[in-house]
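Right, one structure below, let's go through it.
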Amino acid sequence: MYIDVILPLPLDGVFTYSVPPELERQVAVGHRVLVPFGRNKTYVGMICGMWNVECGMRNDLSQNANESNGLQSNLIPHSTFHIPQKDKIKPILQVLDASPILLESQLRLWRWISDYYLSPIGEVYKAALPAGLKAEDGYHPKTETYIRLTPKFRSEQALHIALDMLQRAPAQQKAFVDFLDLAFLSSLTRDELLNQGHTLATVSALCKRGILETYEQEVGRLNHGGEPHPENIKPLSLPQQEAFNQIQFAFLQKPVTLLHGVTSSGKTEIYIHLIQQALDKHQQVLYLLPEIALTVQMMDRLHRVFGNRLGIYHSKYADAERVEIWQKQLSKNPYDVILGARSAVFLPFQRLGLIIVDEEHETSYKQQDPMPRYHARSAAIVLAKMRNEECGMKNDDYSVGCKVLLGTATPSIETYHNAQTGKYGLVTLSERYKGIELPEIQVVDIKDLQHRKMMRGPFSPVLLLKVREALERGEQAILFQNRRGYAPMVECKQCGWVPHCQHCDVSLTLHRNLNQLTCHYCGYTYQVPSVCPACGSHELQTRGYGTEKIEDEVRALFPEARIARMDLDTTRTRQAYERIISDFSAGRTNILIGTQMISKGLDFDRVSVVGILNADTMLNYPDFRAYEHAFMMMAQVSGRAGRKGRRGLVILQTKSPDLPVIRQIVDNDYAAFFRSVMAERREFRYPPYTRLVCVYLKHRSDSLVETAGHEMGSRLRQWFGARVLGPDRPSVAKVKSLSIRKLLLKIEPGLDLPTVRKYLALAQQQMLQDKRYASLQIYFDVDPL
Ligand code: ADP
Ligand code: ZN
Ligand code: ZN
């Protein structure tokens, strides 16, 4: 007997092993096995297929690679199966499971992600399974060593001090930053920190300094708390009830439905009703949110209703907890509702009936790095489709099986297009709850004000006036600037020298609290020079405004106000994040300054003014999606104004007040926005009129990556002709010491995608067979955002 096994390696395809007779009865698809690999390595692999040489059949799901597509198949190497000669096939060492830990539908999803996103299945395996399930020794410790901040370092101030203390100990600083990142939402084991590549000595040094401390804790801390309280479900308002009914009706006809509801229309309340309805039908629900931080707020809201039927799952949870949730979902008593970020699509579900993709337009649903570069919205839709096929559902009967609801105030262009063309159902909710008006948006021409010398730094007089009035009335203000740090650029006044990252092709951002220059691409930090290294001048000046500098200036302008700032730098810990939000919603702070973090799903009562300080940085971004992103960002930020109480005001500062997109934001006219974007996309052949695949090449040598880029270009052009654009240097052409080139493939409808993918993979393979390119990285980004 032979089995095909997926290994956690960045290699495409599956690996064949033989099964010793005494283990034959233990193997099954979805069981893990311990297998030898290479000379002396062993890995935990996942069985994805079983077959018998005698009958020559593979009864598995890894099969589709062998299907001929009418291509010149001699061109396509059979890379997907690594079948050594029969006598060289190695036997497996051990079977680790008595029942599958991976369901068939999950395996099919892995396969789809691997195929569609041109990502080795081993990478999907690595991303999908919690580390504890990939470890050789299984995962059953009774207690574990956890690591946390010592009490005296649990304030934001203290974190800055700690980071400062570590300036001269880069290894410790890096470990500390990783700690802050990973410990954001849940407890962290010491091993998990060590797994980031830090030594025990480094971590112990942080403990010796009194910054971190270890403690022992038993595993098994899943949220058992609380009975469900369906009586806490709020009755729907009339417009909400109508939307709810329309969604039900749409579900009878379409697998996917878009709920396009303005900010604060009560979309979440509708979701809660839909979830309850699914639970009543004994179905499970997956509720996806784009960002881990948002799950914190939603968790409370859902917990009040669903109690211990609700589980939370995302990549920042301690691995032990993720393993437990995974196993619970396979058990007889799984969570009925899972709230999670992107990676929750990989969980096992036994009777999934509804997937909600909240804030479906958010680009953070797409994983950028590392592979697999998948979009969780697409994965969710495919997951539902597979579930429906599993249920034996007929094409025209959606009264059973799994539905997907996409919800947002600002649909992505692709989704709205699908809704318009009838592929998805569409339900619109254009009224805020209790009929509260959408805010008035006032555009301020800052170019004109600059000419007339009327700007005060980044603030127009009207913005300052409105903020002052709000404060006097005891109301709150939000100021939005999508740049963190103090100043995006430092410059020598004499010679124009600008500090750049040594590893990346970008200028450095000044962080004044930390007194550091930071690279926002690789995270490297530098001392701030006191003299210009180019000309020796002492006159170094800052340019532009980051949130930190905005905060300084607002403090000077409104000394009596209590001010908070919310960006990546101030929300390194969950406590800090929650405190900023709770202080603001309780009115303990008056002005909140923030990056795009403040645009997301926060629901505040007393915000009467929102200032968008500079729309132009978003609009001028060199990308065909710049307007789409800018529109959504500004519409979402504006949505924070006047959510309860009276009509809010948004001051939108821009140098280009006449752009149509500004008008569309002011009128909250999504339809007009959509039409104009679509006209542009059609003209320049961008999605949804085409599909895009980006091809990235990376190497330490710029000249090599240049040559390789051209060679890849000509290889692709022999098949795809003028559909290939580039190679180009991306706007940031070097990151982490690797030079980058980018090619873009535009695929028109009607072209067979599997064929396209095969040729892309072939070109990649041919390139990498060339000795010159041995250390070249080539990867694809399918449907890039
Ligand atoms: P959205 O998700 O569309 O932004 P929310 O569901 O967050 O809107 O609703 C905005 C606010 O209005 C929330 O505080 C919510 O509790 C309240 N709300 C919405 N619908 C109802 C309802 N039917 N009954 C009571 N409160 C509601
Ligand atoms: Zn100089
Ligand atoms: Zn850098």
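Computed over heavy atoms, backbone and side chain alike; hydrogens, waters and symmetry mates excluded. Counting starts at 1 for both ligands and their atoms, in listed order.
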Protein-side N, O or S atoms sitting under 2.8 Å from the Zn ion (ligand 2) are C492 SG, C495 SG, C532 SG, C535 SG

Between L514 and Q167, the two heavy atoms sitting closest are O-NE2, 3.6 Å

Here the atoms of ligand 1 under 4.0 Å from any heavy atom belonging to G266 are 1 (P), 3 (O), 5 (P), 6 (O), 8 (O), 9 (O), 19 (C)

*asked:* With the threshold set at under 4.0 angstrom, would you say S264 reaches ligand 1 through any of its heavy atoms?
replied: yes

By salt bridge (Lys or Arg N to Asp or Glu O under 4.0 Å), D669 pairs with (sequence neighbours left out) none

A student checking ligand 1 against S237 at a 4.0 Å heavy-atom cut-off should list atoms 23 (N)

Review point. Without hydrogens or angle criteria, can the side chains of T202 and Q172 be said to hold a donor-acceptor pair below 3.5 Å?
Key: no

Within the 4.0 Å heavy-atom cut-off, what K434 brings close to ligand 1 is neither

Candidates K267, E359, R301, E269; heavy atom nearest atom 7 (O) of ligand 1 found on R301

The residue among N668, I665, D667 that forms side-chain contact (heavy atoms from CB on, under 4.5 Å) with I441 is I665

* To do: Using distance alone, with no hydrogens and no angle criterion, decide if E231 and H229 have a side-chain donor and acceptor under 3.5 Å apart.
  => yes

message = So does R304 get a backbone contact from the side chain of N232, meaning a donor-acceptor N/O pair under 3.5 Å?
response = yes

Quiz item: With only distance considered, is K234 within less than 3.5 Å of ligand 1 through an N or O on each side?
Solution: yes

So the protein N/O/S atoms within less than 2.8 Å of the Zn ion (ligand 3) come down to C501 SG, C504 SG, C519 SG, C522 SG

**Asked** Without hydrogens or angle criteria, can the side chains of T595 and N482 be said to hold a donor-acceptor pair below 3.5 Å?
**Response** no

ring-ring contact (aromatic ring centres under 6.0 Å, His included) pairs touching residues 484-505, sequence neighbours excluded, are H503-Y524

Close side-chain approach of V610 and L649, heavy atoms under 4.5 Å: no

| message | Just by distance, no angles: are the side chains of S582 and S585 close enough, under 3.5 Å, to form a donor-acceptor pair? | response | no

May I ask you to check whether Q516 and R512 show a side-chain donor-acceptor distance below 3.5 Å?
no

Here the atoms of ligand 1 under 4.0 Å from any heavy atom belonging to P235 are 22 (C), 23 (N), 24 (N)

Quiz item: Under 6.0 Å between the ring centres of Y424 and Y416?
Solution: no

Answer yes or no: is there an ion pair linking R588 with D583, defined by an N-O contact shorter than 4.0 Å? yes

